[in-house]
Each structure stands twice: as C-alpha cells, then as structure tokens.
Amino acid sequence: MKEVNRYRHKKILVLGLAKSGVSAASLLHKLGAFVTVNDFKPLAENPEAQGLLEQGITVICGGHPIELLEEGFELIVKNPGIPYHNPMIKGALEKGIPVITEVELAFQVSEAPFIAITGTNGKTTTTTLVFEMLQAGSKMPLIAGNIGTVASEVAQNAAEENNIVIELSSFQLMGIQDFRPRIAILTNLYDAHLDYHGTREEYHAAKANITMNQTEKDYFIVNADQDKVMEAAARSEAEIIPFSTSRVLSEGAYVKDGWIYFNDEQVMKRKDVSLPGEHNLENILSSVAAAKLTGVGNEAISQVLSSFTGVKHRLQYVGEYQSRKFYNDSKATNILATKNAVSAFDQPVILLAGGLDRGNGFDELIPSLKKVKALVTFGQTAEKIENAAMEAGIKTIERVDNVEKAVPAAFKLSEPGDVILLSPACASWDQYKTFEVRGDMFIDAVHKLN
C-alpha cells in the first residue's frame, strides 16, 4: 500500500455503511484521519457500525442529522447509492465540502494499476472475462468493485505486479477526483438509473468519468458502434482502442471471416466461443482488447472463451429438467437486457418477468416478446408487462406472487424443448433486497422441481 499522508489529522465523514463504507472508514482511520461514520440504521441493529466503534471510530446511527455538516468536516466519503439530491450531500456541496466515493480511496493507496470497466449492460460479464483471461495469462489479477471484494480492501494488499480489475457503476464514477485506470472500458450506453441521475446527459457524463483523468499513456476501449460512446472517446486523452460487433475495423477488436481479431491478428474462431447470445459479443471483444493490451497470449484467451458459459445471474445456465432448459438472468434489470436475453435463444421461451415499478412502460419490449411462447409475471410491474405481452400477441399469460411460484407455473406451461428464462426487465427491490437474492430464489425453485 502506498504511503498516503493527505488525510492525516483531517476530519472526514463517511456517510452510509455497507461493505464499502466500513472499508473506507477503517482505511481512513488507519491513514490517521479523524473519522465519523453516519448510518441510517440504528446502532443496536448495525453490527458493522458496532465494529467500527470498537476500533475507536466515532459512530452516529439512526438517521442523518443535517447539523453534522456544521462540525467542520473537510471531506465526505459517501455510499454510492446515496443520490446527490440527498439533503446531506446537497448541503455539503453548498458548503464546498468535497464528496467522493470509496473507489477514489482505493486508487490513492494502490500500488497496482487498474483495469476499469463500466457501461449500461455487460460490465459484470466483461469484468469477469478480463479477470479470467489475465489469470490464465499469469498476469496476477485481483478483482474488485461491484463484483468482488471492496476496492479499498483489495488495493491495500495489491502490489505493483498485480492488475486490479474493477467493475464501476455510474454512482461510483460520479465520486472520483484523481482515479485513473491504465485501461478503461466503456461497453455501451443506454438510458438507465434516471431516477438517480435525473437526466440521460448526467448519466452518460458519469459513465464518461472513467476516462476523465487518463493520459496518452493509457488506453480507452470503446464501442465503435455507438455514437454516444464515441462522443466520450472524442473527449478522452487516452489512446482509443475501438471494438465493433458489426464491421471490420482497421484497428482494435472485431470479427472477420468467422474469426475474432485484435488489430490484424487472428485470436480465435468465433464458433469456439461458449458464451451464448450475440449481445455478449460486445463483452467478448472488449475483454479480448484489454487482455491483449496487458500482454495475454491467444492461447490463454481462447482457453477462457471456449469454456466460459456466463456469470451467475447473467444468462446463467441453471440446468435441464424433463427436457426443459432453465436460465437465470436476474441481473436483467432493464428492458434492453431482457431483449438481449430473449434474442439469445432459438427455442420457444417461457419468460418470467416483473419487479420494481420505476414509472416506465414496456412498449420497447414488444418486438422481442413476439418470440415468447408464454409469460409468467410477478411484482409491481406485472400488469404493465402483461399489457405489452398482449400487444405482442402472447395468448398464454399467468400472474403469480413471486419468483418462487413463477418457476412451477412456467413449468406447467412448458413443453419438452422449451427454455424457461428468468429475465425480469426490472429491478428487484419491490420484493427482494438484491437481484442476486431474486436469482437464488429462482435457482432454488428450479431444483425443487426434481
């Protein structure tokens, strides 16, 4: 870990706990800061806060008192999920108090370079692919962020010879100052999280922050098929490495004559890739580019791509029962992700969908629903998705209480050869704490069919 003195004897407020808040508070305490932690959950129900209290850190729980901002804090490290319109954050910014997220601390103490991945869809799969390719190529990667251990924990133990592969959300990227990845990837840009960001412009700008501090010595891997992504690339100081799923490029990653290429070099045959779905080609090409830039050989890349079948909760193959195949795509928390999932199959699909109502309709889903044989809905958006399904001409529609009941209902509607697919097109928070919990419930329900 680098020696960092910038926080010594400074008053710092860590707002919101969870894993990233606990790690940030502990690290700042170790760096000599006077740390106060503020979390909404009462102390008696908050083991994380109790643990920090035992370290000698000041802990204030049970609410977010605005008068805390009068205590002379020089920095706030906020949980990424806390929006910028939160009164505490608004008040801090009005007072000129800087606000960062925990990933900024990770960068400041890390001796290892970062390979950072963001985008609306595909970032978890891409992060996993990059990590596994580097591991197969003996590049000593560490994985962090939304898909691994908290970044500031990983960074404290990273050495120069490591590569920290990190998935970053727009929420995290809004809170960076100096964070500079050696390699950055922007997989794609669509409208998402507008309830947090307010406008698509702010959301896109947050994603583009991934390249904000890069220089000509760094690499920015970008989706050449998207104008919005290329607009971000045009403002970057890094060397641009494009990828395209639709055309042959003069440089970067692309497909030609059935082969995956990087620059003018054949890497592996497209047909030997195990990961299903054309939408995953973006993830594959951007991962190949990152691996090649890190010095990974084609044999290691091919080894990973020929055996990798997906990340848990992301078009994950769960198993087969009585000639029906089950797939868990609980991470599909928006319409585009569900469209991509449905399009990945040639077989008849029984779709399980529904979840948190964010106020949007599902008209965009209608063309993809024409491939769906039957629909089982649940959650707050059940009626809205059913209306879209009727527009698409789906005649078999059933509503149930939750994912657990959706699995046996879908099985009864299916026939041998069908695919039963959980791809909700919605966040999980109306019924489940996380999309992982929702996906695990689906998997358990599938196993109970046996």
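Note that this is a predicted model, so its numbers are computed, not measured.
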Next item on the list: Determine which pairs satisfy ring pair (Phe, Tyr, Trp, His ring centres under 6.0 Å) with at least one residue from residues 18-67, sequence neighbours left out, and list them in order.
Entry: His9-Phe34, Phe40-His64

Notebook entry, point to check: Would Arg6 and Asp178 pass as an ion pair if we require N to O under 4.0 Å?
Noted result: yes

Checklist line | Under-4.0 Å salt bridge between Lys292 and Glu265 | finding: yes

Does [X] use its side chain to pair, donor to acceptor, with the backbone of [Y] at less than 3.5 Å?
{"X": "Asn298", "Y": "Gln266", "value": "yes"}
{"X": "Thr58", "Y": "Thr36", "value": "no"}
{"X": "Asn162", "Y": "Ala159", "value": "yes"}
{"X": "Lys331", "Y": "Arg314", "value": "no"}
{"X": "Asp329", "Y": "Ala341", "value": "no"}

Notebook entry, point to check: Under a 4.5 Å cut-off applied to non-hydrogen side-chain atoms, are Asn402 and Lys405 in contact?
Noted result: yes

Checklist line | Cationic tip of Lys11 above Phe73 ring, under 6.0 Å, 45° of axis | finding: yes

Polar contact flag, side-chain donor to acceptor under 3.5 angstrom, [X]-[Y]:
{"X": "Asn121", "Y": "Asn334", "result": "yes"}
{"X": "Thr377", "Y": "Glu386", "result": "yes"}
{"X": "Asn328", "Y": "Gln316", "result": "yes"}
{"X": "Thr211", "Y": "Arg235", "result": "no"}
{"X": "Thr124", "Y": "Glu167", "result": "yes"}

Next item on the list: Output the distance between atom CD1 (Ile76) and atom CE (Met88), rounded to the nearest 0.5 Å.
Entry: 6.0 Å

Check: Ile100 and side chain to side chain contact (heavy atoms under 4.5 Å, CB included): which partner among Leu105, Ile176, Ile12?
Finding: Leu105

Check: What is the ring orientation for Phe442 with Phe326, classed by angle as parallel under 30°, tilted 30 to 60°, or perpendicular over 60°?
Finding: tilted

Margin query: Check the orientation of Tyr261 and Tyr254. Use parallel for under 30°, tilted for 30 to 60°, and perpendicular for over 60°.
Written below: parallel

Next item on the list: Give every residue pair that meets the salt bridge (Lys or Arg N to Asp or Glu O under 4.0 Å) criterion with at least one member in residues 93-110, sequence neighbours excluded.
Entry: Glu70-Lys95

